[in-house]
Amino acid sequence: IVNVEVTEGGDIAIDGFSGECNMLSFINCVNNTAAGDDEILLLENLIIGDTVFIRVFDTNNTGEPAVFNICILTPPGNDFCNNADLISVTNGITCFNPVQGDTRFATGSGGCGGGIADDDVWFKFVATADTHAITVNVFSIIDPVIEFFVFYTGASLNCTMDNQYFFNNAVVGNTYYIRIYSVSAE
C-alpha cells in the first residue's frame, strides 16, 4: 500500500512499476481524488524481495510544485480470515482485555447485507457460553458492519450494521469468526 499525503497543492496520481529502470513493467495506478487530497495505491501479488518503483506526479500540469509525504504500508495482519486475531472472552459485563482493531489499509473480501467490505478485518473467539455480546467501540469508522461466521463451515451466521450484537445459540468450544468493516467505501 502506497499512501501519499498531500501537504501543498497538486492533484496527485501514483503509478507502481516492477523490473529495472530501463525496462519497467506497469503494476497499477490511481488518481481517485481531487486536487489537494491524499491518494492510496494498492499493490497486490508482489514478490518478496523484488524492487517496486513508485512514480508520484501532479496531473494539474500547472508547473506549480506539489508537496507531499509518502509512506509504504502493509495491510493489517488480520486482513484475511486465516489470520484472524484471537479475542479472549470476558465473563460478565465488563470487558477487561479489549482487542484493538484498525480497518485502515485493509483490503476487502466480500460483504454481507449492506455496505462495501473493502476494508474488512477478521477476529475469532472460542465460545464459552451459548450467548455472547460483541461490541465494537468505534473511533474512526462510521457505521461498522459486524458479520459472524462458523469455523467449520465458513457459513455466514448473521450480519448487523450496528456497533453491538448479541450472538445467541453458540456452541461452547466452537470457534466463531467475526468480520468487521465500515459501511462506506472508505
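- In this structure Asn169 satisfies the side-chain contact (heavy atoms from CB on, under 4.5 Å) test with no other residue, sequence neighbours excluded.
- With sequence neighbours excluded, the residues forming a side-chain hydrogen bond (donor to acceptor under 3.5 Å, both in side chains) with Thr33 are Glu39, listed by chain and number.
- How far CG of Leu42 is from CD of Glu44: 4.0 Å, rounded to the nearest 0.5 Å.
- For the atom pair Ile40 CD1 and Glu5 CD, the distance stands at 10.5 Å (nearest 0.5 Å).
- By the side-chain hydrogen bond (donor to acceptor under 3.5 Å, both in side chains) test, Asp11 pairs with Thr59, sequence neighbours left out.
- In this structure, CG in Asn31 is found 9.5 Å from CG in Asp58, a value given to the nearest 0.5 Å.
- Cluster partners of Ile47, using a side-chain heavy-atom cutoff of under 4.5 Å among ILVMFWY residues and allowing indirect links: none.
- Listed by chain and number, the residues in a ring pair (Phe, Tyr, Trp, His ring centres under 6.0 Å) with Phe167 are Phe148, Tyr176 (sequence neighbours excluded).
- Other residues sharing a hydrophobic cluster with Val56 under the 4.5 Å side-chain heavy-atom criterion for ILVMFWY residues are Val2, Val4, Val6, Ile12, Ile14, Ile27, Val30, Leu41, Leu43, Leu46, Val52, Ile54, Phe68, Ile70, Ile72.
- Taking all atoms of both residues into account, the shortest heavy-atom contact from Ala170 to His132 is CB-CD2, 4.1 Å.
- The stretch residues 23-34 participates, sequence neighbours left out, in no salt bridge (charged side-chain N to carboxylate O under 4.0 Å, His left out) pair at all.
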Check: residues 84-91 side-chain donor-acceptor pairs under 3.5 Å, at least two apart:
| unit_1 | atom_1 | unit_2 | atom_2 | d |
| --- | --- | --- | --- | --- |
| Asp85 | OD2 | Asn78 | ND2 | 3.4 |

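- Contact record, Asn60 with Ala35: ND2-CB, 4.1 Å, taken as the closest heavy-atom pair.
- With sequence neighbours excluded, no residue forms a side-chain hydrogen bond (donor to acceptor under 3.5 Å, both in side chains) with Asn22.
- Applying the salt bridge (charged side-chain N to carboxylate O under 4.0 Å, His left out) test to every pair with at least one member in residues 15-29, sequence neighbours left out, gives these pairs: Asp15-Arg55.
- Atom CZ in Phe26 sits 15.5 Å away from atom CZ in Phe53 (nearest 0.5 Å).
- Met23 belongs to no hydrophobic cluster, as no Ile, Leu, Val, Met, Phe, Trp or Tyr side chain comes under 4.5 Å of its own.
- Here Asn168 pairs with Thr131 under the side-chain hydrogen bond (donor to acceptor under 3.5 Å, both in side chains) rule; sequence neighbours left out.
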